[in-house]
Number of protein chains: 2
Amino acid sequence: MHTLNAENREMLKKERQEFILHQLNLHNKVLSADLSRNMNVSDDTIRRDLQELSQTGRLIKVHGGALSKSFHKAFDRQMVYSIESKNIIAQKTAQLVQNGMYILTAGGTSILEFAKSLDPQLNATFFTCSLNAAIEFAHHPSIEVVMIGDKVSKDAMLTTGANAVQTIESIQADLCILGINSLDTSFGLSENDWDVVQIKKAMIKASKKTICIGISEKLNSQQKIKVANMDEIDILITELDPNHPTLAPFKRQGITIY
Amino acid sequence: MHTLNAENREMLKKERQEFILHQLNLHNKVLSADLSRNMNVSDDTIRRDLQELSQTGRLIKVHGGALSKSFHKAFDRQMVYSIESKNIIAQKTAQLVQNGMYILTAGGTSILEFAKSLDPQLNATFFTCSLNAAIEFAHHPSIEVVMIGDKVSKDAMLTTGANAVQTIESIQADLCILGINSLDTSFGLSENDWDVVQIKKAMIKASKKTICIGISEKLNSQQKIKVANMDEIDILITELDPNHPTLAPFKRQGITIY
DNA sequence: TCAAATAATGCGGTTTTATGCATACTTTAA
DNA sequence: TTAAAGTATGCATAAAACCGCATTATTTGA
């Protein structure tokens, strides 16, 4: 089949500028050099983009790059720290996604961060029960998003129920990416909400590989209902270095750490 | 020689434009050069197509091609000015909802505003295809929300497809609340996106009563695809006083005005 | 039905835009 | 202070957009 996207490495000007703003939303700052390398255009082009965006007041241009307008807002250090961690996790996770994959995901802030970090060129299909994740994925230029429908569980902002489970069962996915609520070497992955557990169990079953992502403080804790035993989990991603001692017990159980 | 469908037969203008929108929905961007090569027409033709589509607000034309509307949406702050009107509409609409009702809704800013205006004591069940509406409804303390699942249409942020239609068909709702894109006394309710039309048609069919809500400037305009004839619509709500002359023709067709 | 009216399309030539490069200048930090 | 990195400016070029006009479909209406 003829795809219109053959080797379409170049971006349209506006696209580039949107991308820059998106990066700014994400990281609060961008470096011209990074951008030009990333998007395969000359420094001049990026500089002109930044200039235009700055003229229309969408960002603050500084020597070497640009800052987000909202950067000057007060922020507490705790928050920033946690965001930084989630960003690391997101980056690592994004690297595991390949073109053409079918991926099941639940919700959670880590997943949202992951959605933002996906390569703009990626082609993949995401199935999700999370309203927020669906929206985030839908912002991506090229991936396809399928929302799994059912009753909306208000505190998780997730669709749950028999219908959703049934839909998931009809999918054969390559990956299942789950945010960690609690993960423990003996009890495995656990969760407090019965309905959400059913969804996650179904997702794991419907996928060839299961990836758990989350900040390390969620490790070595348990919640009331088990989602999966450790042997059902293939990959664990945290903000820590793969060789960090905290992760050793998990590695010993045969889980791949990134 | 056997070539692919898009190339060997001449496409009609409309076909071409639908194809362009489809590509846009898929990839969020198109390049004029790709399009003209792919459909075997001159650059000028494509340029004129894009121009038309851009004039009817279905895409954003940029140098070198076009971008999907959803790309730019976040920065569209012209929506701010009509907030007051939308609020009036929301208030009026909220009064029609009663305890115990089952309600189908699509998306759109009017619907979102409506969701915020619901009585906090209300008990009702909302079914929706709109990701944003689902989130808004889910913030309400007591109502129940069911997300109708399917592929996410990126510019509408709506789930569309056979699955969604089928799900809707299995519902017997009391009300169907639709945002107006275009409403015209002769052509009825119309819309630009084929997939979205299918959803709305199904919603109307599955409900006892259909309510159309939207600001008055959407009245007396037509779009390409018909969603419903006037006789399928029961109630019309705009920001105007029910006795405003603009609304007289609609009243004459037996529609209740609020 | 068929000719007139209208719409759609393609083409040549012109104008505009986007971009990269060369150069000279400015900021930054060791 | 000085070298490295970033910036501004002008210029060249290729691609895209535009414009008017000729040609070809399509629609309309007696």
Side-chain angles (χ1 to χ4, degrees), chain A residues 4-24 27-68 71 120-121 141, chain B residues 3 5-24 27-68 71-72 75 186-187 192 222-225:
Chain A
L4 294 177
N5 252 19
E7 43 237 2
N8 196 355
R9 289 275 121 189
E10 325 148 21
M11 297 173 94
L12 296 166
K13 186 170 109 160
K14 195 145 195 174
E15 216 184 341
R16 249 192 351 250
Q17 300 193 348
E18 295 290 343
F19 181 77
I20 293 173
L21 290 171
H22 186 240
Q23 290 295 312
L24 266 182
H27 303 118
N28 276 334
K29 79 168 178 196
V30 288
L31 304 182
S32 319
D34 285 351
L35 290 171
S36 60
R37 186 157 26 78
N38 226 303
M39 298 196 266
N40 237 47
V41 290
S42 73
D43 290 349
D44 300 71
T45 302
I46 292 297
R47 212 171 301 109
R48 278 185 278 238
D49 282 342
L50 294 182
Q51 190 169 4
E52 281 179 35
L53 291 170
S54 131
Q55 261 159 14
T56 51
R58 317 264 286 268
L59 51 73
I60 296 162
K61 196 155 127 30
V62 295
H63 195 96
L67 298 177
S68 158
F71 189 62
Q121 250 85 39
Chain B
T3 46
N5 46 11
E7 304 180 15
N8 57 7
R9 106 168 99 82
E10 300 221 335
M11 295 176 91
L12 270 38
K13 189 170 117 166
K14 201 156 194 173
E15 259 182 300
R16 251 191 351 250
Q17 301 196 347
E18 286 304 324
F19 181 76
I20 293 173
L21 290 172
H22 184 239
Q23 289 297 317
L24 217 45
H27 302 120
N28 260 354
K29 89 164 168 188
V30 289
L31 305 182
S32 325
D34 284 350
L35 289 172
S36 59
R37 184 156 27 79
N38 224 277
M39 297 194 270
N40 234 49
V41 290
S42 73
D43 289 347
D44 296 72
T45 302
I46 293 298
R47 186 172 49 77
R48 279 184 277 240
D49 281 342
L50 293 182
Q51 194 167 8
E52 280 179 35
L53 291 170
S54 143
Q55 262 159 14
T56 51
R58 301 171 72 177
L59 50 74
I60 294 162
K61 195 159 145 350
V62 298
H63 191 98
L67 297 176
S68 151
F71 226 84
H72 200 60
F75 305 98
S186 59
F187 194 55
N192 271 332
Q222 306 184 356
Q223 282 180 304
K224 299 298 163 60
I225 312 167

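Remember, it's a predicted structure, so these values are computed and weren't measured experimentally. Chain letters run A, B, ... following the sequence lines, proteins first, then strands; residues in each count from 1.
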Nearest heavy-atom neighbours spanning L50(A) and A66(A): CD2-CB, 4.0 Å
d(CG, D34(A); C1', dG6(D)) in whole Å: 14 Å
Any Q55(A) side-chain heavy atom under 4.5 Å of K61(A) side chain: no
Where I225(B) and F187(B) come nearest, the two heavy atoms and their spacing: C-CE2, 4.3 Å
Rounded distance in Å - CD (E52(A)) to P (dT17(C)): 11 Å
d(CG, D49(A); P, dT19(C)) in whole Å: 7 Å
Nucleotide dG6(D), atom C1' - distance to CD1 of I46(A) in whole Å: 14 Å
Side chains of K14(A) and Q17(A) in contact at under 4.5 Å (non-hydrogen atoms): no
Which residue lies more 5' along DNA chain C, comparing S42(B) with L12(A) via nearest heavy atoms: S42(B)
Axial bend angle, the helix from dT1(C)-dA30(D) to dA30(C)-dT1(D): five-pair end segments, nearest 10°: 40°
Least distance between heavy atoms, M39(B) atom then I20(B) atom: CE-CG1, 3.9 Å
Any side-chain heavy-atom pair of N38(A) and Q23(A) under 4.5 Å: no
Gap between atoms CG and P, on N40(B) and dG10(C) respectively (whole Å): 9 Å
N/O donor-acceptor pair under 3.5 Å between S32(A) side chain and G64(A) backbone: yes
B/S/- contact track for nucleotides 10-22 of chain D, protein heavy atom under 4.0 Å: ------SSBB---
